[in-house]
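Data first, discussion second: the structure below is written as structure tokens.
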Amino acid sequence: MKRQHKIAILKYTTKNFWLLLIPLVRGLIAVGFDFYNWFQGAYLDIIVILLIIGLAVLRWRFVQFQILEEGVAVKMGVILRSEFTVPYRALSCVSSKRAMWFRPIKAVTVSMDSDSHSVPNKHGKADVEIIMKIGDYDELYQKAPSDTSAAKITYYASKYNLIFFSLVFSSTLSGVIFLGTFFIQGGKIVGGELERLLINAVSDVTSRVQTIIDGVTPFSVGLTLIIALGWGFSFVSNLLRHINFKAQRFGDNIFVENGFFSRWKYYVNCSRINYADLRQNLLMKACKVMSVHVSCTGYGKSKNEIPVFVPVTTRDRVIGSMRLLLPNFTVSDITIKTKGSYIMPFIWAPLIAAAAFPVGAVFAVRFLPNWGSVTQFLLIMGEIPSLYMLAVGIAAKFSTGIGIGDGTITLKYCKTNKFHTVIVPKDKIVYVRLSRTIFQLMNGTADVWVYTRGERAAKHRIRGIPVNIAEDFVKIYDGKRQDI
């Protein structure tokens, strides 16, 4: 049996272990590297740190693995021991990450996942996660796939497509959270210098913008700057994360590689793909471009990962790429659509919001006249997304529906502000059910819920289907039907 790379010991220390070292180093510098006096004042901290390291080493020694011809055998646990084997045929995805700081020491983090759940690991984590030496990693990727002698089909994503993909899928919230964490944690190290640097930078930008645009408030400039910084960081990290994107198919195996500083590689078992999802937002829909994502346990499972197979490109190129990479996932024409008069459930929430913001602004100006400029700014900031979501709802009403093919069904729906065209093989459907609200009982419609396989069943909601047509559709799956 083999052990993990020794760098894995750091994985088993506490989350903020490195913060404990900062006061020790500061104390050592303060006493002029007088180790005797330093130890007398900090011996309790040193004992705690040594204890943490000792427990981490103990946990590392009790994790062992062996790469066999038919699977990977794993032993783990100090007090409660567990031994199990993950057969290659059961794997849905093997993902590896060679972090930038792991590459010089030839270490790689490997995660193995199947549709079942591993008892030792927490829910939402991979069945097995091991930090391997590069030689063990190469051996695993040689043995896990089957039928690698088949013809190789390769798809490369262009840099322009990856830039567009990063623009579309960048999250302002995640970028702001990261920057906030960076400055808070950084302040613990350098005594608040980073926070002061950020505040001075924002104040400087605010004063410059105020000289250019008369009447702009510091609040509006500061909020806009924070949003822009958060989105900009998310865009850059997404671009570096997905650059050099390449997908290759060998028989029933697909390999995906991407990354610039850190490198990611995935092995995906095609037979374990539950569905393909062609995603768009309103801008992408208007530009007639889309990206292809897949549902496969373990692929895109980690934090900030996106399970993309084809980054943003035109519809024709997406269909052509899917014929190469996913030939069994074909889009069917939509034949079951929402009822013509069923539109209010798609637009009532943004419609109310779009009307509420101006009314709220009128009352705010009346009762808080000194806050007029702030109220105007908040009105604009609230009205834009409300009108955007109203347009999304109207587009969703006219694009929602179901198509039935020979071996697959196609589900088109909108969730939040994303448009989905989901292609599901019929053998991946767990069950189908209908639901009806009191208003749907009156207008003769129903929502069709389709549940698909996976580590956790995914649900897809098709809204406003005429009830007689919905019932006929569900009869196809009479052994799996559930009505509410």
Side-chain angles (χ1 to χ4, degrees), residues 1-9 11-12 59-60 62-77 80-99 102 106-148 247-259 262-274 293-309 453-456:
M1 300 288 281
K2 300 179 179 180
R3 288 194 173 89
Q4 300 181 84
H5 194 287
K6 289 183 176 63
I7 196 66
I9 294 172
K11 169 186 171 183
Y12 297 117
R59 292 181 64 187
W60 169 78
F62 276 84
V63 175
Q64 296 174 294
F65 68 95
Q66 186 172 2
I67 301 173
L68 307 172
E69 292 299 325
E70 299 298 326
V72 179
V74 181
K75 294 181 181 180
M76 60 176 57
L80 298 176
R81 295 285 291 168
S82 62
E83 300 182 16
F84 57 92
T85 300
V86 182
Y88 296 136
R89 66 179 184 277
L91 289 173
S92 57
C93 178
V94 178
S95 61
S96 63
K97 176 183 177 181
R98 295 189 65 189
F102 275 18
K106 297 184 178 180
V108 56
T109 303
V110 177
S111 301
M112 291 170 273
D113 232 320
S114 66
D115 288 335
S116 61
H117 175 59
S118 175
V119 174
N121 283 0
K122 296 179 181 179
H123 187 74
K125 298 292 185 179
D127 294 346
V128 179
E129 184 175 292
I130 297 173
I131 300 180
M132 295 182 176
K133 298 173 184 176
I134 193 69
D136 298 329
Y137 155 80
D138 291 335
E139 182 182 358
L140 175 64
Y141 266 84
Q142 288 173 1
K143 291 184 177 180
S146 60
D147 192 25
T148 54
Q248 292 182 309
R249 176 162 183 156
F250 300 82
D252 288 333
N253 311 298
I254 291 181
F255 292 90
V256 178
E257 298 180 47
N258 55 29
S262 297
R263 303 287 178 85
W264 283 264
K265 183 177 180 180
Y266 303 88
Y267 154 65
V268 177
N269 186 342
C270 289
S271 64
R272 300 286 176 175
I273 296 177
N274 302 305
H293 303 237
V294 296
S295 169
C296 181
T297 304
Y299 184 58
K301 188 175 185 178
S302 299
K303 185 179 179 181
N304 297 328
E305 284 190 346
I306 301 174
V308 62
F309 255 27
R453 294 183 185 275
E455 189 175 32
R456 298 178 63 186

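Just so it is clear, the values below take in all heavy atoms, side chains as well, and ignore hydrogens, waters and symmetry mates.
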Next item on the list: Enter the distance from Phe309:CZ to Ile273:CD1 here, rounded to the nearest 0.5 Å.
Entry: 4.5 Å
Margin query: Less than 4.5 Å apart, side chain to side chain, heavy atoms only: is that true for Pro87 and Glu70?
Written below: no
Checklist line | Gln4 (side chain) donor-acceptor with Ile131 (main chain) under 3.5 angstrom | finding: yes
Margin query: Can you give me the closest heavy-atom contact between Met112 and Ala126, atom names plus distance?
Written below: O-CB, 3.8 Å
Item checked: Reported OG-to-CZ distance for the pair Ser295 and Arg456, which is rounded to 0.5 angstrom -> 12.0 Å
Margin query: Return the OG1 to CG distance between Thr297 and Asp127, rounded to the nearest 0.5 Å.
Written below: 8.5 Å
Item checked: Under 3.5 Å donor-acceptor, Tyr299 side chain and Val308 backbone -> yes
Notebook entry, point to check: Are side-chain heavy atoms of Leu140 and Val94 found at a separation under 4.5 Å?
Noted result: yes
Item checked: Working for side-chain contact (heavy atoms from CB on, under 4.5 Å), residues Ile134 and Arg98 -> CA-CA 9 Å; Ile134 193 69; Arg98 295 189 65 189; 3.8 Å; yes
Check: What is the minimum heavy-atom distance between Ser92 and Ser114, and which atoms define it?
Finding: OG-CA, 3.6 Å
Next item on the list: Determine yes or no for a side-chain-to-main-chain donor-acceptor pair under 3.5 angstrom, with Arg89 supplying the side chain and Leu91 the backbone.
Entry: no
Check: Where is the tightest heavy-atom contact between Gly298 and Asp113, given as atom of each residue plus distance?
Finding: CA-OD2, 3.5 Å
Checklist line | Value rounded to 0.5 Å, distance of NZ in Lys75 from CD in Gln66 | finding: 8.5 Å
Next item on the list: Kindly indicate, with the supporting measurements, whether the criterion side-chain contact (heavy atoms from CB on, under 4.5 Å) is fulfilled by Ile67 and Tyr88.
Entry: CA-CA 10 Å; Ile67 301 173; Tyr88 296 136; 3.2 Å; yes
Next item on the list: Output yes when a side-chain donor or acceptor of Ser96 lies under 3.5 Å from a complementary backbone atom of Lys265, and no otherwise.
Entry: yes
Item checked: Inter-residue atom distance Cys270.SG - Ile254.CD1, 0.5 Å rounding -> 3.5 Å
Next item on the list: Look up atom CZ in Phe65 and atom CZ in Arg3, then write down how far apart they are to the nearest 0.5 Å.
Entry: 11.0 Å
Notebook entry, point to check: For Lys133, what residues pass the side-chain contact (heavy atoms from CB on, under 4.5 Å) criterion, not counting sequence neighbours?
Noted result: His5, Asp136
Notebook entry, point to check: Would you call Tyr267 and Asn253 a side-chain contact if the rule is heavy atoms closer than 4.5 Å?
Noted result: yes
Check: Checking Asn274 side chain against Arg453 main chain: does a donor-acceptor pair fall under 3.5 Å?
Finding: yes
Next item on the list: Report yes if the side chains of Asp252 and Ser271 come closer than 4.5 Å at any heavy-atom pair, otherwise no.
Entry: no
Checklist line | Distance-minimising heavy-atom pair for Val63 and Tyr12 | finding: CG2-OH, 3.6 Å
Notebook entry, point to check: Where do Ser95 and Tyr266 come nearest, in terms of heavy atoms and distance?
Noted result: CB-CD2, 3.3 Å
Next item on the list: Side-chain contact test, heavy atoms from C-beta onward, threshold under 4.5 Å: evaluate it for Arg81 versus Phe62 and give yes or no.
Entry: yes
Check: So, for Ala90 and Arg272, which heavy atoms are closest and what is the spacing to 0.1 Å?
Finding: CA-NH2, 3.7 Å
Margin query: Check the orientation of Tyr141 and Phe255. Use parallel for under 30°, tilted for 30 to 60°, and perpendicular for over 60°.
Written below: tilted
